[in-house]
Amino acid sequence: MLFRSSLARRFLKGAAATLALVGLTACVPSTGPVISTSNPVPVALLVPSGSGDSGDALIAQSLENAARLAISDLDGVKIDLRVYSTAGKPATAAAAAQKAVAEGAKIIVGPLYGAAANAAGKAVAGNGVNVLTFSNNTEIAGGNVFVLGSTFENTANRLVNYATSQGKRNILIVHADTVPGQVGRNAIMGAINASSASSAGTVAYKYSQDGVIAAVAEIKAAVEQNAPDTIFLTASTSGALPLFSQMLPEAGIDPQTVQYIGLTRWDLPSQTVALPGVQGSWFARPDEALSRAYTDRYAQAYGGLPHNLSGLAYDGIAAIGALVKAGKSTALTTSALTQGAGFQGVNGIFRLRSDGTNERGLAVVTIRDKQVVTLDPAPKSFGGFGF
């Protein structure tokens, strides 16, 4: 327990040291306020409280707790955190962002939902204030808006690059005919196009039990016609995955012969790893040791487990703290935020890109004998890693 708490406290020291070694890049147009790093830095945290939804209230509290935990772990950096409610609504988020800037905020962390983040970013763009949103919607990224959430693009790139390194280069994409399914398909196709892999086609299915059943025959036909060595599914454990994991092997698509890859985590909930059809599958997840260390640290501080999105708030504060510690008045500009060394977060390394998206270091894992086994560990730095 003590080791994990100490590990959490060392996150920011490592990030700050990395910054000191590589310096700040100047390849990105720099916008953002000039700050005094010797005084407490005013930071606005926008959370989805006030919506009347108990789930939003829970997330909001966990995000605030994580942000305050990150502040307590900072070494020699003072943050003046100011919390604003968005009610999960774009108009409220825009008003909250404007109020925060009027009250002195130099950067905004949050809000959660994509539409709210987009509105907040637009509301303060003219003030030159950057927004680090918890959203993973890359369509809103860019300008003064940076997404902290783990993106399909990042996961797809990691998994396709690993697949090609293992000789898997002919990939069939299976996706739901929904907005998330289509976004996932596009991310996988983009990763394929950027690699030495090739596409063995796509199969879309209606998001229903009948839709999944009907898709199995189409998938089998595509396998017979195009001979993929890999099937990359966007299905989640709460959606079509359990049915696909049963029906695809029954249709003769042996997961021991054709590699199954998941765009989402197939170890949550934990009972999923016992399904026969997912044995040998690949998916990506954050550094498990760091994730456990954060969970322990949060539980020690607040007496309960954090929401799984709360680490994004910690990461946002951690990045700000590392940059401010470097002592530059331009610490919160876009060129500083997008410096190439990245930051150490609660789930591993991450860095913000000039287009507002992010890269996160992920491990590639498999399910073997109903246990999750690491095939390729999450990277510890961005040297030789990335897009």
Side-chain angles (χ1 to χ4, degrees), residues 4-20 32-33 35-49 58-86 96-97 99-101 103-112 129-134 146 148-149 290-291 293-329 331-332 336-337 342-350 352:
R4 291 176 180 171
S5 296
S6 299
L7 177 62
R9 289 190 174 92
R10 289 200 299 270
F11 285 171
L12 299 178
K13 293 181 180 179
T18 302
L19 282 170
I35 64 169
S36 170
T37 58
S38 60
N39 296 319
V41 178
V43 175
L45 177 69
L46 271 58
V47 295
S49 56
L58 176 65
I59 295 172
Q61 187 60 62
S62 199
L63 289 167
E64 181 178 346
N65 288 347
R68 296 195 183 282
L69 185 65
I71 290 172
S72 72
D73 285 339
L74 294 176
D75 182 12
V77 175
K78 293 182 179 180
I79 300 293
D80 178 10
L81 188 71
R82 304 165 184 186
V83 183
Y84 299 84
S85 299
T86 68
K99 181 181 180 182
V101 171
E103 293 177 348
K106 300 302 183 183
I107 193 167
I108 292 172
V109 180
L112 175 60
V129 173
N130 289 308
V131 175
L132 309 183
T133 172
F134 306 129
F146 296 86
L148 289 172
L290 294 179
S291 298
Y294 167 66
T295 298
D296 286 352
R297 178 95 170 87
Y298 185 102
Q300 289 172 0
Y302 300 109
L305 296 178
H307 189 277
N308 58 10
L309 293 174
S310 69
L312 299 176
Y314 191 110
D315 287 357
I317 298 297
I320 293 168
L323 291 169
V324 171
K325 187 176 177 64
K328 295 183 179 293
S329 62
L332 302 183
L337 290 168
F343 311 97
Q344 179 67 63
V346 295
N347 293 312
I349 58 169
F350 71 98
L352 301 173

Participant: Which heavy atom in I35 sits nearest to a heavy atom in A331, and how many Å separate them?
Facilitator: CD1-CB, 4.0 Å

Participant: Can you name the closest pair of heavy atoms from I59 and P48 and give their distance?
Facilitator: CG2-CG, 4.5 Å

Participant: Could you give the distance from CZ (R68) to OH (Y302), rounded to the nearest 0.5 Å?
Facilitator: 7.5 Å

Participant: So I108 and L46, do their side chains get closer than 4.5 Å, heavy atoms only?
Facilitator: yes

Participant: In terms of side-chain heavy atoms, does S62 have a donor or acceptor partner in Y298 at a distance below 3.5 Å?
Facilitator: yes

Participant: So, for S85 and S49, which heavy atoms are closest and what is the spacing to 0.1 Å?
Facilitator: OG-OG, 2.7 Å

Participant: What's the shortest heavy-atom distance between A301 and L69, and which atoms?
Facilitator: CB-CD1, 3.9 Å

Participant: Side-chain contact, heavy-atom cut-off 4.5 Å: I320 with K106?
Facilitator: no

Participant: Verify, without hydrogens or angle tests, whether K325 (side chain) and V77 (backbone) share a donor-acceptor contact under 3.5 angstrom.
Facilitator: no

Participant: Begin from the C-alpha positions of L290 and N347 and carry the test side chain to side chain contact (heavy atoms under 4.5 Å, CB included) through to its verdict.
Facilitator: CA-CA 5 Å; L290 294 179; N347 293 312; 5.9 Å; no

Participant: Answer whether the closest heavy-atom distance between the side chains of T295 and P306 falls below 4.5 Å.
Facilitator: yes

Participant: Can you tell me if S310 uses its side chain to pair, donor with acceptor, with the backbone of L63 under 3.5 Å?
Facilitator: no

Participant: Knowing that exactly one of I349, L323, D315 qualifies, which makes a side chain to side chain contact (heavy atoms under 4.5 Å, CB included) with F343?
Facilitator: L323

Participant: What I want to check is whether the side chains of D296 and Q300 have a donor and an acceptor closer together than 3.5 Å.
Facilitator: no

Participant: Under 3.5 Å, side chain of T86 to main-chain N/O of V47, donor-acceptor pair present?
Facilitator: yes

Participant: What are the two closest heavy atoms between G110 and V131, and how far apart are they?
Facilitator: O-CG1, 3.1 Å

Participant: Applying side chain to side chain donor-acceptor pair (under 3.5 Å), can you list everything that pairs with Y84, at least two apart in sequence or on another chain?
Facilitator: E103

Participant: Side chains of V43 and I107: closer than 4.5 Å at any heavy-atom pair?
Facilitator: yes

Participant: To the nearest 0.5 angstrom, please state how far the CG atom of L45 sits from the CG atom of L81.
Facilitator: 5.5 Å

Participant: Which pair of heavy atoms, one from G321 and one from L74, lies closest together, and at what distance?
Facilitator: CA-CD2, 3.8 Å

Participant: Would you please test L309 and F134 for side chain to side chain contact (heavy atoms under 4.5 Å, CB included) and show each step?
Facilitator: CA-CA 8 Å; L309 293 174; F134 306 129; over 6 Å; no

Participant: Taking 4.0 angstrom as the limit, do R82 and D80 come out as a salt bridge?
Facilitator: yes

Participant: For residues R297 and V346, determine if any side-chain heavy atom of one lies less than 4.5 Å from a side-chain heavy atom of the other.
Facilitator: no

Participant: L332 versus V41: any side-chain heavy-atom pair under 4.5 Å?
Facilitator: yes

Participant: Do the ring planes of Y294 and Y314 sit parallel (below 30°), tilted (30 to 60°) or perpendicular (above 60°)?
Facilitator: perpendicular

